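Treat the numbers as computed from the prediction; the structure is a model and nothing was measured.
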Amino acid sequence: LIGLQAVVTILSLAVILPANYSGSLVAESFAKTTVGNLNRNSKVYWLHNTFSVLYLIITIVVMSVFARQLKNRKMKRSSHTLMITQLPTGVTDSQMQTHFRECYPGADVVDVQFAYNIHKLKICDDARKKALLGYERSVEISKLTGKPHMTAVGFLKHCPCVQATEVNGEEYYLQKVRDLCIECNRQRDQTRSDRLDVAFVTLSDSAVTEEVVNCYRPGKEAHVSKISDQIHSGRWSVKLAPVPENIRWSQLSVGFFLWYARFFVLNALLCAFLFFFTTPLVITSSLGDLKEAD
């Protein structure tokens, strides 16, 4: 994508920009570099049309190559571990083992791990690590200078127009690390009672694991056990689990509707940005041409 943008930028600067600048409708301003600087009868318009088609062809080619590479780059997944979502939060380890033993006689459940909401814990732990780095940096500077390192604190500490309060860096960051350690422990205790609808079930046989995944594919009917109604196994979404390093654990708490809400809001803002920052200039130029025609 960066390469595509580079090609489009270079072609536009090397060909389109000089062509627009060759017009004489606009005085020295930014508009002189746009299509609004060209006379409506100018033969340079064919250049814009040609390059529009050329950009489309280049984009299609680049995106098709990129899509092909994306298909070949398969995500690493575990061959023995299932990732199960839409699981009732009250389901226990023993219920999961009972269900798999009844539905899949050859299934030997090695381990069952439930996921928890660690979003707040992750934020707190990141702040603790940041404070710890600040403490280590203050200690290092103090050793180099031979005097206590002073650091600015406060909400507007980076604002040049506000006199920031300075405190001893070592003491400030050490106290901050201690406070954040206490907060992390508190968040960890709360996390244990905030379980998500996600579980990771490890089976001993990869063939049985693949069989379970196939049973939950669209159009297939999952096997039923005597406790299926209790654990709502018919509603599960089952797939091979990614390897642990490919999972963003703090994002597991983002629900289906929230994820799509973010998706639509961000894309709507992007479309609005592109519309209001690119379209008005074209419309203004077109209106100007219409007035001249009248």
Do you know which two heavy atoms are closest between Q97 and V112, and how far apart they sit? CG-CG2, 4.4 Å
Donor-acceptor pair, Q95 side chain versus T92 backbone, under 3.5 Å? yes
For the side chain of N117 and the backbone of H119, is there at least one donor-acceptor N/O pair under 3.5 Å apart? yes
What is the minimum heavy-atom distance between P88 and R195, and which atoms define it? O-NH2, 3.3 Å
For the student: nearest non-hydrogen atoms of L252 and A115, plus distance: CD1-CB, 4.1 Å
Between E102 (side chain) and K226 (backbone), is there a donor-acceptor pair under 3.5 Å? yes
For Y260 and F263, take the angle between the two ring planes, folded into 0 to 90°, and tell me which bin it lands in: parallel under 30, tilted 30 to 60, perpendicular over 60. perpendicular
When you measure from the side chain of N214 to the backbone N and O of E210, does any donor-acceptor pair fall under 3.5 Å? yes
For C124 and L180, work out which heavy atoms get closest and say how close. SG-O, 3.7 Å
CG of L4 to CD1 of I58: how many Å apart, nearest 0.5 Å? 7.5 Å
Spacing of L82 atom CG and M96 atom CE [to the nearest 0.5 Å]: 8.5 Å
Go through the steps to decide whether Q113 and D111 satisfy the test side-chain hydrogen bond (donor to acceptor under 3.5 Å, both in side chains), and finish with yes or no. CA-CA 7 Å; Q113 294 290 337; D111 187 35; 3.2 Å; yes
Distance check, rounded to the nearest 0.5 Å: R188 atom CZ versus E183 atom CD? 11.0 Å
Rounded to the nearest 0.5 Å, how far apart are CD of E211 and OG of S206? 12.0 Å
Enumerate the residue pairs fulfilling side chain to side chain donor-acceptor pair (under 3.5 Å) with a member in residues 3-17, sequence neighbours excluded, ordered by first and then second residue. S12-Y55
Should the pair Y104 and H223 be assigned to parallel (<30°), tilted (30 to 60°) or perpendicular (>60°) ring geometry? parallel
Just by distance, do the side chain of S142 and the backbone of H149 share a donor-acceptor pair under 3.5 Å? yes
Connected via hydrophobic side-chain network under 4.5 Å: I247 and V243: no
Nearest heavy-atom contact between T191 and Y116 is O-CD2, 3.2 Å
CD1 of I141 to CD of E170: how many Å apart, nearest 0.5 Å? 10.0 Å
Side-chain heavy atoms under 4.5 angstrom apart, residues restricted to Ile, Leu, Val, Met, Phe, Trp, Tyr: same cluster for F114 and M83? no
Checking Q86 against H232 for the side-chain contact (heavy atoms from CB on, under 4.5 Å) test, could you report, in this order, the C-alpha distance in whole Å, the side-chain angles of both residues, the deciding distance, and whether it holds? CA-CA 9 Å; Q86 300 179 35; H232 302 296; over 6 Å; no
W236 ring center near H99 ring center (under 6.0 Å): yes
How many angstroms lie between SG in C184 and CG in L121, if you round to the nearest 0.5 Å? 6.0 Å
Which pair of non-hydrogen atoms, one from P18 and one from L13, has the smallest distance, and what is that distance? CD-O, 3.3 Å
Looking at T209 and D205, would you say the former's side chain and the latter's main chain have a donor-acceptor pair under 3.5 Å? yes
Would you call V198 and L87 a side-chain contact if the rule is heavy atoms closer than 4.5 Å? no
Is there a path of hydrophobic side-chain contacts, each under 4.5 Å between heavy atoms, that joins V139 and L133? no
